[in-house]
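The next block holds one structure in the form of C-alpha cells; read it before the comments.
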Amino acid sequence: METHPKKSQARILLSSVFGPYAQDDEFGSRSINPMELYHNQVTRAQGSFSLRMFHRSWGIMMIQENISAPCSVLDFPTRKAFARELTTNHYDIVGISGIIVNVGKVREMCRMVRELSPDSVIVVGGHVAAIPGVETMIDADHIVRGEGISWMRQYLGEDEHAPIKHPMIVSGLETRIMGMRLPNRKGGTAATIIPSVGCPMGCNFCTTSAFFGGKGKFVNFYETGDELFEVMCKIEAELKVHSFFVMDENFLLHRTRAIRLLELMKQTGKSWELSVFASANAIRKYTMLELVELGVSWVWMGLESPKAGYSKLQGNDVRQLTREMREHGIRVQGSTIVGLEHHTPDNIVEEIEAAIAHQTDFHQFMLYTPVPGTPLYQEMAEQGRLLPDIDFADVHGQYKFNFRHAAISREDSKRFLDWAFWRDFEKNGPSLYRMCQTMLKGWQRYKDYPDPRVRERFEREVKKLSSAYNAALWVMEKEFKKVNRSVSERIHKLRREVEQEFPVVARLTAASLGPILWWSTRREEKRLAKGRTYEPPTFVERRNWVSAT
Ligand code: B12
Ligand code: SF4
C-alpha cells in the first residue's frame with residue numbers, strides 16, 4: 001500500500017462532520033436526526049422524560065491514540081471551527097469521519113479542504129465509505145472501507161499489528177432528563193471500551209456487520225479476557241469508574257473471553273458494571289448468575305419478530321428471557337424493526353404490540369432499511385425495489401422507507417414507526433420508571449448475595465433509587481395522574497415499595513427534591529413545545545503535538 005511521503009512526521013487532522021445537527025439544512029442535518037442516542041431512536045416520544053446525552057466520535061479517537069504522528073481530533077465542529085482549524089494549523093493529512101446520512105457534509109468538508117488547505121491529502125473513512133460510487137460524490141484522495149487504525153498505521157509506515165492502545169473515553173456527555181442536567185462528576189459516567197468492531201452473525205440488514213467483513217467476520221482489538229481486563233483496569237484507574245459501556249456489537253457471543261474476564265474480576269474483587277450489546281442466542285450461553293457476577297447490568301438486544309427467522313433468535317423465548325433478566329436486576333433495551341418483509345397493514349399492529357409486551361426498560365424502533373453495503377441493499381437493488389431520488393440524509397431508519405415494500409406504503413411506514421414509540425410509552429410508561437423497577441428487583445434479590453462484589457454493585461445502584469430516582473417517581477406519578485391513570489398507579493405502587501425498603505431517605509428526598517424536579521420537568525415541557533433542541537459541544541484534542549514552525 002502507498003505510504004505518505006512524510007510517514008509518521010505527517011501532521012494529521014481527524015474530524016467528525018460539522019453541526020449543528022438537530023435542524024434541517026442543505027448539508028443533510030435533519031431536525032429528527034439529532035446527535036443524541038436515546039432521544040433520536042429510543043426515548044424520543046417520552047417528552048421531558050426522554051434521556052438525553054451525547055457520545056463522542058470514538059472511531060477517530062481510537063485512530064489518534066494508535067498512531068505516533070502529531071494529530072488533532074476535532075469533534076462536533078461547526079463549519080466555521082473546521083475552517084479555522086484548517087487555516088490556523090497546517091495539516092498534511094485531513095481525515096474526515098462520517099456515516100451514510102452525512103455524505104453531504106463530507107462532500108462540503110472535502111471542498112473546504114481543497115479551498116483552504118490545498119496541499120493536504122484528504123482521507124475519508126467510516127460507514128460513508130460503503131456508498132457505491134462514493135468516489136464520484138466526494139473529492140477525496142483515499143476512501144477507506146472497514147477498520148481504520150490499521151489503514152492509517154500502514155499509510156504512515158507504522159506497524160499495523162502493534163497492540164491497540166485504548167483511549168480514555170467518558171461514555172455519555174451532558175446528560176439531561178426531566179429538564180435537569182446531571183453533574184459532570186469524575187467517575188460518575190461510564191467509560192466506553194471497544195473490544196472489537198463488526199459482528200459475525202451477519203444479519204442481512206446489518207451495516208456494522210457488513211462494513212467489517214460480513215457473516216463470519218469481525219475485527220478483535222482485544223482477543224482475550226486477560227487483555228481486556230488489563231485495559232479496563234487502566235481505564236478504571238484513570239477515569240475513576242466502575243461502570244463500562246462495552247461497545248461491541250455482540251459482546252457475549254465471545255464466551256471464552258467473557259468468562260476469563262469474570263474469573264479475573266473475581267480474583268481481584270472488581271465490582272464492575274457492564275452495559276453490553278448482545279443477541280438472544282448469545283445471552284442464552286450464560287446462566288443468570290454468570291451474567292450478574294460479570295456485572296452485566298444493561299443489555300441491548302434485538303427483538304425482531306420471530307416470524308422473520310433471524311438465527312440469533314431461533315429457539316429462544318425472548319419474552320421469558322427479558323422477564324428473567326429484569327428480575328435479576330439487568331436492564332433490558334429492546335430493539336425492534338418495523339416494516340419487515342412479512343409485515344402488512346393487517347399484522348403490523350399486532351407485531352408491534354407483541355414487541356411492546358416484552359416490557360423492556362427501553363425500546364428502540366427502527367424502520368427496516370436497506371443500507372448501502374449490506375446484503376439487503378444488494379438484494380433490493382437487484383429486485384429494482386430501491387426508491388429513486390431519496391436523499392441519503394433521510395436514510396437513517398427514523399423517517400420513511402427508502403424501498404418499495406410489498407404491502408406498506410412509504411407514508412404509512414412513518415406512521416407505524418411513530419405509533420410504535422407512542423404505544424410503548426403509553427403501555428409501559430417512562431423508561432426511567434421501568435429502570436427503577438428493574439433496579440429494585442435486582443437489589444431485593446442480591447442485597448444479601450455471598451459475593452461482596454455483587455452486593456457492592458447493587459448497593460451503588462440502589463443509592464440512586466432510594467434518593468433522586470424516588471423523587472423522580474414522585475413527579476412521574478403526579479404527571480401521569482390525569483393523562484394515564486394506569487401508568488400513574490403502577491408508578492405509585494413502585495414508589496411505595498421503594499419507600500418501604502428505605503423509609504427515611506426515600507420519603508425525605510421525594511418531599512424535598514420532588515417539587516424542584518416537578519418544576520424543572522414542566523419548564524422542560526414548555527421549552528420542548530417551543531422547539532428547543534440540544535447540540536453537543538465542540539472538542540479539540542491534540543496528541544504528539546508540536547506547533548508548526
Ligand atoms: C456511537 C454511535 C452513534 C452516536 C454518535 C457518534 C458520533 N459522535 O458521531 C449517536 C448515538 C449520536 C449516533 C447517532 C446516529 N447513528 Co450511530 N452509531 C454509533 C455506534 C453505536 C458506535 C460508533 C462507534 O464508535 N463504533 C466503534 C468505532 C471504533 O468504529 P467506527 O466508528 O466504525 O470507526 C472505525 C471505522 O469505521 C474507521 N473509521 C471511522 N472514521 C474514520 C475516519 C478515517 C479518516 C479513517 C481512515 C477511518 C475511519 O476506523 C474506525 C476504527 O476501525 C455505531 C454502531 C457501531 N457498532 O459502530 C452506530 C452507527 C455508526 N450509527 C448509525 C446510524 C444510522 C446513526 C443515526 C443515523 C441513527 C439514528 N437514526 O438515530 C444517527 C445519526 C446522527 C447524526 N446526526 O449524524 C449506523 C451507521 C449506518 C451507516 N451505514 O451509515 C451505525 C453503524 C449503527 C447501525 N448498525 O446501524 N450514533
Ligand atoms: S446480531 Fe446484531 S450486530 Fe450482529 S449482525 Fe445481527 S443485527 Fe448485526
Side-chain angles (χ1 to χ4, degrees), residues 12-17 19 21-22 28-30 32-42 44 53-63 66 75-76 93-103 105 122-131 140 142-152 155 164 169 171-172 192 194 196-212 214-215 218-219 221 245 247-250 253 277-282 300-302 304 310-313 335 337 364 366-367 369 371-374 377 392-393 395-399 536:
I12 306 177
L13 171 64
L14 295 174
S15 181
S16 55
V17 294
Y21 308 96
S29 279
R30 294 288 184 267
I32 60 162
N33 195 20
M35 197 48 92
E36 293 170 282
L37 171 59
Y38 293 94
H39 190 65
N40 186 325
Q41 41 191 307
V42 185
R44 73 166 156 91
M53 66 173 87
F54 306 108
H55 295 81
R56 294 286 308 277
S57 303
W58 302 323
I60 49 177
M61 292 172 82
M62 289 289 284
I63 297 174
N66 284 284
D75 210 358
F76 310 126
I93 302 169
V94 177
I96 302 166
S97 177
I99 60 174
I100 288 172
V101 285
N102 300 135
V103 65
K105 295 186 182 188
I122 303 179
V123 183
V124 169
H127 287 267
V128 68
I131 301 177
H142 300 278
I143 296 174
V144 180
R145 294 184 180 85
E147 210 284 291
I149 300 173
S150 60
W151 189 93
M152 196 57 93
Y155 187 54
I164 300 288
I169 306 177
S171 169
T192 297
I194 308 174
S196 63
V197 284
C199 173
M201 295 300 287
C203 299
N204 68 339
F205 58 83
C206 182
T207 172
T208 356
S209 176
F211 195 63
F212 295 99
K215 209 174 179 72
F218 63 102
V219 181
F221 293 143
F245 179 83
M247 186 55 254
D248 181 313
E249 286 290 26
N250 208 335
L253 203 57
F277 295 77
S279 52
N281 64 333
W300 189 314
M301 173 176 71
E304 287 87 47
Y310 288 107
S311 60
K312 61 185 173 178
L313 299 174
S335 174
I337 296 179
Q364 173 192 37
M366 276 275 181
L367 282 181
T369 306
V371 175
T374 59
Y377 187 83
F392 279 121
V395 182
H396 51 68
Q398 290 297 332
Y399 184 48

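Counting starts at 1 for both ligands and their atoms, in listed order. Both backbone and side-chain heavy atoms feed into the values below; hydrogens, waters and symmetry mates do not.
V197 CG1, 3.9 Å is the protein heavy atom nearest to atom 30 (O) of ligand 1. Of the protein's non-hydrogen atoms, the one nearest atom 1 (C) of ligand 1 is W58 CZ3, 3.7 Å.
Protein heavy atoms come within 4.0 Å of atom 76 (C) of ligand 1.
Close approach of ligand 2 to E249 (heavy-atom distance below 4.0 Å) involves ligand atoms 3 (S). Taking a cut-off of under 4.0 Å to the non-hydrogen atoms of N40, the atoms of ligand 1 that pass are 70 (C), 71 (N), 72 (O), 73 (C).
Put simply, no part of V219 is less than 4.0 Å from ligand 1, judged by heavy atoms. The shortest separation from a heavy atom of F54 to ligand 1 is not under 4.0 Å, leaving the residue out of contact. The shell of residues lying under 4.0 angstrom from ligand 1, judged by heavy atoms, includes F212. Ligand 2 is approached by G202 to a heavy-atom distance shorter than 4.0 Å.
The option with the heavy atom closest to atom 38 (C) of ligand 1, from among S97, G146, G59, is G146. Counting heavy atoms only, H55 comes closest to atom 4 (C) of ligand 1 of the residues H127, E147, H55.
Between atom 6 (Fe) of ligand 2 and C206 there is no N/O/S contact shorter than 2.8 Å.
When non-hydrogen atoms are compared, ligand 2 lies under 4.0 Å from the backbone of C203 as well as from its side chain.
Aromatic ring orientation, Y399 versus H396: tilted (interplanar angle from 30° to 60°).
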